[in-house]
Structure formats: structure tokens, C-alpha cells
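In this text the structure is predicted, and so the values were computed from the model without any measurement. The figures here come from the full heavy-atom set of this structure, side chains too, leaving out hydrogens, waters and symmetry mates. Both ligands and their constituent atoms are indexed starting at 1 by order of listing.
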Amino acid sequence: MRLEHIGIAVADAQKAQNLFDRLLGKPVYQEETVDTEKVTTYFYDAGTAKLELLTASEEASVINKFIEKRGEGVHHLAFEVDNINEEIERLKGEGFVFINEKPKPGADNKIVCFLHPKSTNGVLVELCQSVSTS
Ligand code: CO
């Protein structure tokens, strides 16, 4: 398991990009809307891991709900694994609770699932596995 990216909920994508462009000294390398999640994602290469800015692409987005409740800021940690289904079974065996146990398509050519923050010390955790595009 390795830290793949840190997800950050932002209200204004333009403003946030301006800030992170200046902070990291480089621009976003990929922008992608995940319709099923109603989010638009902006990826930065931040060295050992990526940063994923998340904004609502529609009013009824989980990102809007998150920002209403907790404000902008760190939204989730994402760990990449080689075999997501094996890892789900392992973590279930360790007593972790999942929001979705069945991996679904995410941004950046990944399949993803989320652990419930109530079982991970209040931090939303994403598991992701790269899927080949060939
Ligand atoms: Co993510």
C-alpha cells in the first residue's frame, strides 16, 4: 500500500488552482470530471504523491455536502494497491467498514473504493488500483 494522492475539497476551482500553482510552482497536469460522483478533479504531481483538488460539478455533490459540514480542506487520503479486491477482503477481516465494497470507476484511470471515516479515525480513506488503458 502506498500513498497515491491526497484529496482536497475546494469551493472555487479557479482560486484553488491559482494558489496551488504558486505553491508547487507547476500547473495541474490533468483535469477530469467524474459524472457518477458529481466531482471535477484537478491533479498535481507533488513529488512522492499527487494532490487531487475536488470541486462539485453539480449542486448535489458530496463535495458540497462535505464543505457545508466541515469547510474546505483535506478530504481523503488515497492508497494505491496492486489488488483492490484482495485488499478489501483483508481490511474487512481487520474490522474496517467500507462505504462501497465494490470498486467503481474513479479519476485518473483507477478503480476506487472508500472506507468509512468512522472506522479510520475520522479520515476518509480511498483505495485505488490502476486499470490499464490498453
Ligand atoms: Co481521490
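- Residues Val39 and Thr55 fail the side-chain proximity criterion, which asks for heavy atoms closer than 4.5 Å.
- Judged by distance alone, the side chain of Lys26 and the main-chain N or O of Asp45 form a donor-acceptor pair under 3.5 Å.
- Checked against side chain to side chain donor-acceptor pair (under 3.5 Å), Ser61 has no partners two or more places apart in sequence or in another chain.
- Residues satisfying the side chain to side chain donor-acceptor pair (under 3.5 Å) criterion with Glu86, sequence neighbours excluded, are Asn83.
- Distances shorter than 2.8 Å separate the Co ion (ligand 1) from the protein N/O/S atoms His5 NE2, Glu52 OE1, His76 NE2, Glu126 OE1.
- Using modelled atom types and a 3.5 Å distance limit, the side chains of Ser130 and Glu80 yield a donor-acceptor pair.
- Applying the ring-ring contact (aromatic ring centres under 6.0 Å, His included) test to every pair with at least one member in residues 26-66, sequence neighbours left out, gives these pairs: His5-Phe43, Phe66-His75.
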